[in-house]
A.B. asks: 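This is the structure I want to talk about, given as structure tokens.
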Number of protein chains: 2
Amino acid sequence: MSATGRRGGATRPARTAPARTKPVRTPSQDVEVALIDAAERVLVRDGPDAVTVRAVAVEAGVAPMGVYNRFGGKDGLVDELLKRGFTGLRDALIARGEIDPGERLFGAGLRYREFALSNRAHYLAMFDDAIHQDVTAPEVMLIARASFDELVGHVRYGMAAGALAEHDPQEVAQQIWSTVHGAVQLEIKGMLLVPDPDRSYRDLLGMLLRGLRA
Amino acid sequence: MSATGRRGGATRPARTAPARTKPVRTPSQDVEVALIDAAERVLVRDGPDAVTVRAVAVEAGVAPMGVYNRFGGKDGLVDELLKRGFTGLRDALIARGEIDPGERLFGAGLRYREFALSNRAHYLAMFDDAIHQDVTAPEVMLIARASFDELVGHVRYGMAAGALAEHDPQEVAQQIWSTVHGAVQLEIKGMLLVPDPDRSYRDLLGMLLRGLRA
DNA sequence: TATAGTTGTAGAACATCGTTCTATCACATT
DNA sequence: AATGTGATAGAACGATGTTCTACAACTATA
């Protein structure tokens, strides 16, 4: 058991706290962003499997040890990728000023798929752990939660406007998320058994809103 | 590039055709099922990551080479696991004699989740490729298709009975599949943000049927 | 300015993985 | 009884995540 090592402690050096004693010597943070950028580049260019410590280090022009010094291992680096992913997803879900509640939800739904298809590797890393990581940091989950809350907001808006039936907004948002995620995940994996995914997805959103409306 | 070897040819020996010359010497098929059974045992007991060629061979009391002799590699063995998985899923979806179309669909939906939760490792291997395989054999896709067709049948039944709105049954079945898969996948991965998954899933099915009915 | 300490680099090393190869051995058909 | 097919054991290769050690470079202090 326990397969590949992964020691107990090894908590990442918590690079948020300034330690407040003296003008703490800022560790060359360039290496950090260089590594994350490189990892993202490798992920998009060569796919999830190509995201190896050695490959990312080479891409960043940095020694492999940097990954362990700054992120505590591969998982720490991957977590940064996931953070960027969920941030992008949240941005996609933010309302674009739609007044009509149905349009607002429909638009968010369309942009959800758009994000997933334009960032397939990210999406699979986020929901499929295509890049194998042991656990997902609570830090990441918090950002994921923010994406979800964006959706909950739209649901509340729809209920307040009388467009959606009154229910626990969290529950309804979860239903929406489950639905769009399922469709998008199957589409990315090529398991969709319909000829026109674009149209089918629109129909799915229509069906969804029909099932949820007051 | 090309990461881990994986030669070009290596097509599995097509153990279906009897070669029709003489009473073809049946290659001790025991090794075959022993390996699949062992792989399944390892998968369920130790999780997807533990399904390694060596571990499965040990579990089966067989030499690692057996995997290559009989399945052409790890992927071939994994394909067998997937076949068993999709067969189980199809069995779960077969109607239990429900007359009411809504009940029939609802029941199938409940059993879908039941199967997934009772066979988490299988399910993740099927839809998440938790066991990393390069491509999925068309043979596997055929069985997956059979599961889907089971669902399409229920949809046709519902439309014929006037319980569901008239649409392309394939499209509607795809909508249902996307929805339940999304919910179940998120639940298995612990990404559900609702307190009572059981109740939420029932509500989801209710919403789904509401959106689909005539 | 000179010294000390932190930080990154380079490279080897370990265990595990999928995979291939080379022998040796057991069995079944002829 | 002779022959050949298939299984076995074990080493080997390349790649992976990870750790460790030695060395170079930079920053902050004396």
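Worth saying up front: this structure is predicted, and the values here are computed from it rather than measured. Order of the sequence lines sets the chain letters (A, B, ...), proteins ahead of strands, with each chain counted from 1.
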A.B. asks: Check every atom of D:dT8, D:dG17, C:dT19 against the side chain of B:Ala63 and return the nucleotide holding the closest atom.
C.D. replies: D:dT8

A.B. asks: Give a yes/no answer on whether the side chain of B:Arg70 brings an N or O atom under 4.0 Å of OP1 or OP2 in D:dA7.
C.D. replies: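 For B:Arg70, the contact criterion (side-chain N or O under 4.0 Å from OP1 or OP2 of D:dA7) is met.
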
A.B. asks: Please report, rounded to the nearest Å, how far the C1' atom of D:dG17 is from the CZ atom of A:Phe71.
C.D. replies: 16 Å

A.B. asks: Could you please spell out the steps behind the side chain to side chain contact (heavy atoms under 4.5 Å, CB included) verdict for B:Gln185 and B:Asp128?
C.D. replies: CA-CA 9 Å; B:Gln185 207 250 12; B:Asp128 237 71; 2.4 Å; yes

A.B. asks: Backbone N or O of A:Leu212 within a donor-acceptor pair of the A:His167 side chain at under 3.5 Å?
C.D. replies: no

A.B. asks: What pair of heavy atoms forms the shortest contact from A:Val53 to A:Pro64, and how long is it?
C.D. replies: CG1-O, 4.0 Å

A.B. asks: Please give, in whole Å, the distance from D:dT16 P to B:Asp49 CG?
C.D. replies: 17 Å

A.B. asks: Please give, in whole Å, the distance from C:dG11 P to A:Tyr68 OH?
C.D. replies: 18 Å

A.B. asks: With heavy atoms under 4.0 Å as the rule, sort A:Val67 into base, sugar-phosphate or nothing.
C.D. replies: nothing

A.B. asks: When you match B:Ala55 and A:Gly66 each to their closest nucleotide on DNA chain C, which lands nearer the 5' end?
C.D. replies: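 Looking at the nearest nucleotide for each, A:Gly66 comes out on the 5' side.
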
A.B. asks: Return the value, rounded to whole Å, for the distance between atom CG of A:Asn69 and atom P of D:dA24.
C.D. replies: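 One finds 18 Å between P of D:dA24 and CG of A:Asn69, rounded.
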
A.B. asks: To the side chain of A:Arg54, which of C:dT9, D:dT16, C:dT19 is closest?
C.D. replies: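 So the side chain of A:Arg54 is nearest to D:dT16.
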
A.B. asks: Roughly how many Å is it from NE2 in B:His132 to C1' in D:dT16, rounded to a whole number?
C.D. replies: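 After rounding, the gap between these two atoms is 12 Å.
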
A.B. asks: Test your reading of the model: is there a side-chain donor-acceptor pair from A:Tyr201 to the backbone of A:Val184, 3.5 Å cut-off?
C.D. replies: no

A.B. asks: Whole Å only: how far is the CG atom of B:Leu35 from the P atom of D:dG6?
C.D. replies: 16 Å

A.B. asks: Could you tell me how far apart B:Asp79 (CG) and C:dG18 (P) are, to the nearest whole angstrom?
C.D. replies: 15 Å

A.B. asks: What I want to find out is whether A:Glu32 reaches A:Arg70 closely enough, with some N-O distance under 4.0 Å, to be called a salt bridge.
C.D. replies: yes

A.B. asks: Taking for each residue the nucleotide of DNA chain D with the nearest heavy atom, is it A:Met65 or A:Val51 whose nucleotide lies nearer the 5' end?
C.D. replies: A:Val51

A.B. asks: Rounded to the nearest Å, what distance is computed from the CG atom of residue A:Asp30 to the C1' atom of nucleotide C:dT7?
C.D. replies: 13 Å

